[in-house]
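The first residue of the sequence shown is numbered 1, and numbering continues consecutively from there. Both backbone and side-chain heavy atoms feed into the values below; hydrogens, waters and symmetry mates do not.
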Amino acid sequence: MSSGRTMDNNRRNPPGILLIRSIRGKDWSITTYRYVVLLVTFIAYTAYHASRKPSSIVKSVLDPDPSANSTGFSPWPVGDVFIERERMVTSSSLDEIDLKKGKGWAPFNRKDGTSKLGEIDVAFLACYSIGMYVAGHLGDKLDLRIFLTTGMVGSGIFVGLFGMGYFLDVHVFGFYLVMQMVAGLFQATGWPSVVAVIGNWFGKRKRGLIMGVWNAHTSIGNITGSLLAASVLQYGWGWSFILPGAFIFLSGIIVYLFLAAYPEDVGFPVVDGTPVKVVTLPQDEEAQKLKEHLAGNGQHSDHKRTSGSKKSIGLLEACLIPGVIPFALCLFFAKMVAYTFLYWLPFYLSQTAIEGQYMSVKSAGNLSTLFDVGGIIGGVLAGYISDKLRARATTAASFMYIAIPSMLLYRRYGSMSKVTNIVLMMITGLLVNGPYALITTAVSADLGTHSSLKGDSRALATVTAIIDGTGSIGAAIGPLLTGILSSMSWDAVFSMLIIGASAAGLLLTHLVVIEIKEKFSKQSSNEQNNLAGSASQPLLSDQNE
């Protein structure tokens with residue numbers, strides 16, 4: 001029986017870790033495993049986001065606009081931040097554009113080229129959102145390491161195939177549409193899987209801060225993808241897809257070799273949602289207590305028990321977990337606001353005079369990345385505050401409410417000066433992306449290990465998929481509405497963003513009230529205990545006398 005268990009354990013152990021064990025002659029500590037898990041999942045999702053950026057970089061090549069002054073694009077931090085827009089386009093610059101861009105790429109260089117590029121974006125996001133619900137359920141049923149590897153390798157292949165259209169001289173719109181749709185389905189495997197893995201390895205106490213720092217991979221992936229795509233753009237736009245595609249493909253191989261998705265698979269039992277170190281000692285009283293505690297929490301005392309003995313729950317059961325629906329709906333509006341900035345901020349900046357001057361398209365693209373920098377800080381700050389207060393909903397709602405005046409200030413005073421624009425943009429990025437990062441990471445992991453679940457149930461990936469899948473629908477709707485409203489006025493767009501931020505905060509009202517009540521009840525009980533303790537001290541002192 002034990003030999004069969006050992007064979008199953010070896011099958012689930014990552015090959016790279018088995019090789020390192022054989023070379024070292026001993027296993028890693030639980031701390032080392034956690035660091036490796038953080039690093040590998042960080043690389044994995046950096047690669048996911050990097051592989052999504054080429055389409056935004058290559059749009060100006062597929063459907064060129066000579067008056068947009070977009071030659072020689074180098075994204076921040078390589079490119080300059082502020083470059084004034086050229087007032088007129090010379091014949092020599094037009095020749096340079098035509099030489100570099102080949103006058104666009106059919107079918108995207110026609111009158112309906114811009115709408116075709118928009119259709120590809122919407123198709124990608126739609127398949128991503130739909131695929132998220134399926135991927136989350138599959139992630140809890142299948143081995144997360146194999147599932148994540150499959151998604152990354154598949155993403156790399158189809159992102160690369162989109163770029164191969166350049167080398168194969170493909171001018172059929174359906175080809176590019178299908179490539180993006182299939183890539184969107186494979187991309188849906190990423191987020192539920194990496195959040196589930198982090199949730200498996202880290203308990204709730206410092207999960208917010210750890211995941212806040214870890215969530216920087218989103219912004220770093222965006223910047224990395226821009227740099228990779230732009231660095232080879234001059235050799236042909238196809239390379240801008242193939243290079244990020246190769247990056248996520250190779251990152252998938254790293255995941256397969258080194259990611260221990262479950263603590264149990266490498267010999268660490270889980271107690272109260274946290275993996276613990278098992279020390280081989282005689283059967284003393286403490287060892288017996290640990291054994292009883294494991295059994296009491298639905299855990300087998302055998303630390304070699306693998307993840308295969310767990311069972312997943314369905315989508316409906318996951319939706320019934322307290323807090324899942326409110327946070328999912330909150331993220332719908334939070335992502336609607338965040339992705340509107342992500343997709344439209346460069347265009348808004350190029351259309352807005354700062355200190356009386358309009359900046360170039362490439363300068364607007366460079367400047368907009370500072371919104372992501374603010375988002376990194378916001379994710380860390382929101383995670384830290386929610387850990388300290390032990391109030392995820394209150395933290396998320398507070399950030400969304402404070403984001404409302406920050407967006408109003410940015411709209412009103414962002415054009416006064418370059419410094420004011422940068423400061424207000426980073427503050428807005430901090431407040432908008434903070435709750436978005438918190439909900440998609442720590443909150444999803446908390447709810448996926450909720451106390452209402454049985455000890456042997458697995459819901460991390462499913463819960464993450466429900467929350468982020470619902471949020472991704474908002475991510476598609478926000479930019480779509482912006483395209484309509486911006487033709488009226490930018491004030492209409494900011495009104496939509498304010499309504500979205502207000503709705504996100506209001507949807508968490510019930511959970512905020514519950515958290516505040518729990519805080520007051522704990523505080524009053526502590527005060528009563530302190531009073532009882534102080535009242536008993538004189539009696540004790542009298543007895544001692």
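- One side chain, S29 or T32, offers a donor N or O that lies under 3.5 Å from an acceptor on the other.
- Relative to the six-membered ring of Y436, K335 misses at least one condition, a distance below 6.0 Å or an angle of at most 45° to the axis.
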For this session: For side-chain contact (heavy atoms from CB on, under 4.5 Å), just list the numbers for F186 and I157, CA-CA rounded to whole Å, side-chain angles, deciding distance to a tenth of an Å, and then say yes or no.
Result: CA-CA 10 Å; F186 275 107; I157 290 171; over 6 Å; no

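- Using a 4.5 Å heavy-atom threshold, the side chains of I17 and Y33 count as touching.
- Put simply, the side chain of T218 never gets that close to the backbone of T46: no donor and acceptor are under 3.5 Å apart.
- Of all heavy-atom pairs between A445 and G199, the closest is CB-CA, 4.1 Å.
- Checked by atom type and distance alone, the side chain of N13 never pairs as donor or acceptor with a backbone atom of L18 at under 3.5 Å.
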For this session: Using the side-chain contact (heavy atoms from CB on, under 4.5 Å) rule, take I248 and Q187 through it: C-alpha gap first, then chi angles, then the decisive distance, then the call.
Result: CA-CA 10 Å; I248 190 171; Q187 289 270 321; 3.9 Å; yes

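- Side chain of R34 to main chain of W201: a donor-acceptor pair is present (N/O by atom type, distance under 3.5 Å, no hydrogens or angles).
- Ring-centre distance between W237 and F167: not below the 6.0 Å cut-off.
- Formation of a donor-acceptor pair under 3.5 Å by the T394 side chain with backbone atoms of A391 is not found in this model.
- Heavy-atom contacts from other residues, nucleotides or ligands closer than 6.0 Å to NE2 of H510 number 12 or fewer.
- Using modelled atom types and a 3.5 Å distance limit, the side chains of N215 and Y45 yield no donor-acceptor pair.
- Once rounded to the nearest 0.5 Å, the distance linking CZ of F332 with CD1 of I467 reads 15.0 Å.
- Nearest heavy-atom pair across M152 and S251 is CE-CB, 3.4 Å.
- Considering only heavy atoms from C-beta on, H217 stays 4.5 Å or farther from Y48 through its side chain.
- Pairing each heavy atom of A504 with each of C330, the nearest pair is O-SG, 3.3 Å.
- One distance of note links CG of L331 with OG1 of T440; it measures 6.5 Å at 0.5 Å rounding.
- N200 contributes atom CG, which lies 6.5 Å from atom CG of L144 (distance to the nearest 0.5 angstrom).
- A heavy-atom distance below 4.5 Å is not found between the side chains of V380 and W214.
- Here the closest heavy-atom approach between residue P15 and residue R145 is recorded as CD-NH1, 3.6 Å.
- The side-chain heavy atoms of F258 and L39, taken from C-beta on, include no pair separated by under 4.5 Å.
- Remark: side-chain polar atoms of N433 are not paired, donor with acceptor, to backbone N or O of G378 under 3.5 angstrom.
- If you take CG on L438 and OG on S444, they are separated by 9.0 Å, rounding to the nearest 0.5 Å.
- At least one side-chain heavy atom of V159 sits less than 4.5 Å from a side-chain heavy atom of S51.
- Y384 OH: 12 or fewer foreign heavy atoms inside a 6.0 Å radius.
- Taking 4.0 Å as the cut-off between side-chain N and carboxylate O, R392 and D387 count as a salt-bridged pair.
- No side-chain heavy atom of I146 sits under 4.5 Å from any side-chain heavy atom of T149.
- Taking both residues in full, the closest heavy atoms of A260 and V266 are given as CB-CG1, 4.0 Å, listed atom of the first, atom of the second, then distance.
- At least one side-chain heavy atom of S231 sits less than 4.5 Å from a side-chain heavy atom of L243.
- Side-chain rings of Y133 and H137 stay apart, their centers remaining 6.0 Å or farther from each other.
- Taking the six-membered ring where the residue is Trp, W105 and H171 present parallel rings, their angle staying beneath 30° rather than reaching 60°.
- Side-chain contact between L497 and F341 is present, with heavy atoms from C-beta onward closer than 4.5 Å.
- The two residues A44 and V194 make their nearest non-hydrogen contact at CB-CG1, 4.5 Å.
- Atom OG of residue S226 and atom NE2 of residue H49 lie 12.0 Å apart, to the nearest 0.5 angstrom.
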Exercise. Given L508 and L511, is the side-chain contact (heavy atoms from CB on, under 4.5 Å) satisfied, shown in steps?
Worked result: CA-CA 5 Å; L508 295 180; L511 296 177; 4.1 Å; yes

Problem set entry | I376 vs L430, side-chain contact (heavy atoms from CB on, under 4.5 Å): CA-CA, chis, key distance, verdict | CA-CA 7 Å; I376 294 173; L430 182 154; over 6 Å; no

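- Between the T41 side chain and the L38 main chain, a donor and an acceptor come within less than 3.5 Å of each other.
- With ring centers used as reference points, Y176 lies under 6.0 Å from F108.
- No side-chain donor from either of T482 and Y339 sits under 3.5 Å from a side-chain acceptor of the other.
- Here CD1 of I242 is found 13.0 Å from CG of L228. Values are rounded to the nearest 0.5 Å.
- Environment of OH in Y256: sparse, with no more than 12 heavy atoms of neighbouring residues, nucleotides or ligands closer than 6.0 Å.
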